[in-house]
Amino acid sequence: MPWVISFVVSWVLFFALVDFKTLKTNVAGGILALSMATLADWGGQLLGLYKFTDLIIPWFGCSAFYKFGPVLTMGVIFVQYVPTGKGLQFVNIVLFAVFFVALEYLILQTRVAIYLHWHLLASTFVDTVTFGSLTWFTLAFLREDQPSFVRIG
């Protein structure tokens with residue numbers, strides 16, 4: 001049930017925060033976040049770092065409700081709100097990483113995710129690097145208004 005609750009809450013927040021005018025572009029961030037999280041969690045389970053339980057609809061060993069709820073929606077919203085200034089980008093990355101780690105903490109408390117050889121500090125690091133990568137992806141590929149030295153191609 002925690003997977004379904006996180007799914008519903010994520011989509012409610014998504015519809016409250018999304019800018020439908022930029023959704024067509026920003027959905028790429030959600031798809032990239034979904035891809036990175038799927039690969040990381042699938043690999044983490046194969047390595048015996050953690051495991052997920054009570055999967056209603058499995059998605060590479062994790063709950064599809066989790067991947068297509070918090071992960072996908074947070075990816076889209078993150079990309080939508082990437083600021084242009086470096087300092088604000090840093091704050092944005094840290095805030096989203098903290099929010100995501102807080103969600104992970106709540107999921108751990110419900111025992112639908114269990115750490116075997118993992119820790120929240122490792123997740124904090126991975127989440128920070130992930131949101132940093134999403135920032136770079138956004139500035140390099142999704143924003144038309146960026147200087148040419150930032151964009152590739």
Arg143/Val82 under side-chain contact (heavy atoms from CB on, under 4.5 Å): CA gap, chis, key distance, verdict: CA-CA 10 Å; Arg143 297 276 172 87; Val82 168; 3.6 Å; yes
What verdict does the side-chain contact (heavy atoms from CB on, under 4.5 Å) test give for Val112 and Met1, after you've listed the backbone C-alpha separation in whole Å, the side-chain angles of each residue and the deciding distance to 0.1 Å? CA-CA 9 Å; Val112 294; Met1 190 63 150; over 6 Å; no
Derivation of the side-chain contact (heavy atoms from CB on, under 4.5 Å) call for Phe100 and Thr130: CA-CA 11 Å; Phe100 208 77; Thr130 299; over 6 Å; no
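Not counting sequence neighbours, Thr110 has no partner by the side chain to side chain donor-acceptor pair (under 3.5 Å) test.
Here the side chain of Gln45 pairs no donor or acceptor atom with the backbone of Lys51 at under 3.5 angstrom. Between the side chain of Thr53 and the backbone N or O of Ile114, no donor-acceptor pair lies under 3.5 Å. A donor-acceptor pair under 3.5 Å links the side-chain atoms of Gln80 to the main chain of Asp19, judged by distance alone.
With values rounded to the nearest 0.5 angstrom, Leu34 atom CG is found 4.5 Å from Thr38 atom OG1. Here the CG-OH distance, from Asn92 to Tyr81, works out to 10.5 Å after rounding to the nearest 0.5 Å. Separating the CZ atom in Phe96 from the OG1 atom in Thr135 is a distance of 9.5 Å, to the nearest 0.5 Å. To the nearest 0.5 Å, atoms CG (Leu55) and CH2 (Trp3) are separated by 7.0 Å. We find the CZ-OG1 distance between Phe90 and Thr128 to be 8.5 Å, quoted to the nearest 0.5 Å. For the atom pair CG of Leu17 and OG1 of Thr73, the computed distance is 9.5 Å after rounding to the nearest 0.5 Å.
Under the 4.5 Å side-chain heavy-atom criterion for ILVMFWY residues, a single connected hydrophobic cluster contains both Val101 and Phe99. By the criterion of side-chain heavy atoms lying less than 4.5 angstrom apart, applied directly or through intervening Ile, Leu, Val, Met, Phe, Trp or Tyr residues, Leu120 is grouped together with Leu49 in one hydrophobic cluster. Taking hydrophobic clusters as Ile, Leu, Val, Met, Phe, Trp and Tyr residues chained together by side-chain heavy-atom distances below 4.5 Å, Val94 does not share a cluster with Val129. Side-chain heavy atoms closer than 4.5 Å link hydrophobic residues (I, L, V, M, F, W, Y) into clusters, and following such links, even through other members, never connects Leu106 to Val98. Neither Leu121 nor Leu116 shares a network with the other; the hydrophobic side chains, linked directly or stepwise wherever heavy atoms of I, L, V, M, F, W or Y lie under 4.5 Å apart, form separate groups for each.
Nearest approach of Ala33 to Leu134, heavy atoms of both residues: CB-CD1, 4.2 Å. Across every non-hydrogen atom of Ser6 and Leu103, the tightest pair is CB-CD1, 4.4 Å.
Between Trp11 and Phe7, the ring planes lie tilted relative to each other; the angle falls in the 30° to 60° range. Aromatic ring pairs are classed by plane angle as parallel below 30°, tilted from 30° to 60° and perpendicular above 60°; the pair Phe20 and Phe15 is parallel. Classified by interplanar angle (parallel below 30°, tilted 30° to 60°, perpendicular above 60°), the ring pair Trp118/Tyr50 is perpendicular. By the 30° and 60° cut-offs, the orientation of the rings of Trp42 relative to Phe60 is perpendicular.
Here Phe65 and Trp59 keep their ring centres 6.0 angstrom or further from each other.
Ion pairing between Asp41 and Lys67 holds under the 4.0 Å rule for side-chain N and carboxylate O.
Counting heavy atoms from C-beta on, the side chains of Tyr66 and Ile107 come closer than 4.5 Å. Contact annotation: the side chain of Ile5 approaches that of Val9 to within less than 4.5 Å [non-hydrogen atoms, C-beta and beyond].
Summarising the local packing, CZ of Phe137 is surrounded by more than 12 heavy atoms from other residues, nucleotides or ligands at distances under 6.0 Å.
For the residue pair Ser123/Asp127, the side-chain donor-acceptor check at 3.5 Å is not satisfied.
Considering Asn26, Ile93, Leu95 as possible partners of Phe78, the one that fulfils the side-chain contact (heavy atoms from CB on, under 4.5 Å) test is Ile93.
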